[in-house]
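Both counts, for ligands and for their atoms, begin at 1 and track the order of listing.
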Amino acid sequence: MSRFWSALTHTLEPYVPGEQPHLSALVKLNTNESPLGPSPLVLAAIRAEAGDTLRLYPDPQAAALRTALARYHQVRPEQVFVGNGSDEVLAHTFAALLKHDAPLLFPDITYSFYPVYCRLFGIACETVPLDPAMQVRVADYRRPCGAIIVANPNAPTGVALSRGQITTLLAEHPDVPVVIDEAYVDFGAETVIPLVATHPNLLVVQTMSKSRALAGLRVGYAIGDADLIEALTRVKDSFNSYPLGRPAQAGAIAALADEAWFQQGRAQVIDGRERLSRGLAGLGFAVLPSAANFVFARHPAHAGAALAAALRQRAVIVRHFPAPRIADYLRITVGNEEQIDRLLSALSEILGGPDHGAAHAAW
Ligand SMILES: *Cc1c(COP(=O)(O)O)cnc(C)c1O
């Protein structure tokens, strides 16, 4: 707190990212990173950019990357916007499209960055409770609003809406911007990018951080009607002309070219998720049906905070949110096989369950 701060700075309540500790023996299941690596083609493309051309600014329009994304998703380059991670794309979206007199609607339990952006940009917002099954109920959004944003699959629940349900949401709100944040869509939900062609109010946001194992590269993008993209570009060019460096643009293009790596990686995460979910259920956890690269689970007899702390003592880090309705849940990233085993074994030890010995013996 300082007298040099602006009035706005005093009012901010910043997002708190999951920690990034520097302990190599740690089983790090707290920020939904990929347990597999990025494609070797990506690494080669990034290395090829490490040369004299780093003297020069990158393409401010990222035309080659936008063209590659347009081809990949079967839209036109004017329908594609790229940014420094989808968090930046979302920030520009809030400023460009979601600030209106009527409130922005989003679920009460969702990506906790949304209320942070509202505060930063002075956006009126209203939360809509998830139903008792922790699902987004489209009918609950039938109320006056200036815009809607929904993460699909939702975070931190992992629960997904079908394309049909989002089609209904769009049909009921033709006159306001509707943003679907598809950060986790590749792990088992249906993208609504095909609906962009018929819905000028739809913006779909995706990221290379999760399903393409590139959280460290910072590449996210949005796909929507050219008019929506123009709004994002106006905000971006009022903020930072060069959000993506040359290595990021080249690496992202290469990621799109390695479809086999992508498909194999997501299949492996989906397999791991099913094994993790079964293991947790076997230990007595209630596990929400996840279409993401994490699961959201609670134990009927143990508080979430206590479990998270006990796991931490065993060098396993998961995410716990001390917020209403979800304080008893743990959000656990799907790790590789060894990480899943270590998590289940640590939990089994903590719970002192009957299969403690068996799970421990597995590794
Ligand atoms: C991880 C995540 C993002 C942002 O990811 P970036 O790394 O900034 O691309 C956006 N939305 C949701 C719901 C996320 O979980």
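- No N or O atom of Y114 sits closer than 3.5 Å to an N or O atom of ligand 1.
- In the vicinity of G85, heavy-atom distances shorter than 4.0 Å reach the ligand 1 atoms 8 (O), 9 (O).
- Taking the centre of each ring, Y184 and Y111 stay at or above the 6.0 Å mark.
- Annotation: atom 15 (O) of ligand 1 to nearest protein heavy atom, Y184 OH, 2.5 Å.
- The six-membered or imidazole ring of Y57 lies near that of Y242, with a centre-to-centre distance under 6.0 Å.
- Ring centroids of Y141 and H173 are separated by 6.0 Å or more, keeping the two rings apart.
- Within the 4.0 Å heavy-atom shell around ligand 1 one finds R218.
- At the top of the distance list for atom 11 (N) of ligand 1, counting protein heavy atoms only, stands D181 OD2, 2.7 Å.
- Nearest non-hydrogen protein atom to atom 14 (C) of ligand 1 is K210 NZ, 3.1 Å.
- Atom 7 (O) of ligand 1 has S209 OG, 2.6 Å as its closest protein atom, hydrogens excluded (heavy atom only).
- Selection from G220, G83, S86 by nearest heavy atom to atom 5 (O) of ligand 1 gives S86.
- Summarising the local packing, CD of E259 is surrounded by more than 12 heavy atoms from other residues, nucleotides or ligands at distances under 6.0 Å.
- For Q74, the CD atom sits in a loose shell: 12 or fewer heavy atoms of surrounding residues, nucleotides or ligands are nearer than 6.0 Å.
- No side-chain heavy atom of I193 sits under 4.5 Å from any side-chain heavy atom of Y72.
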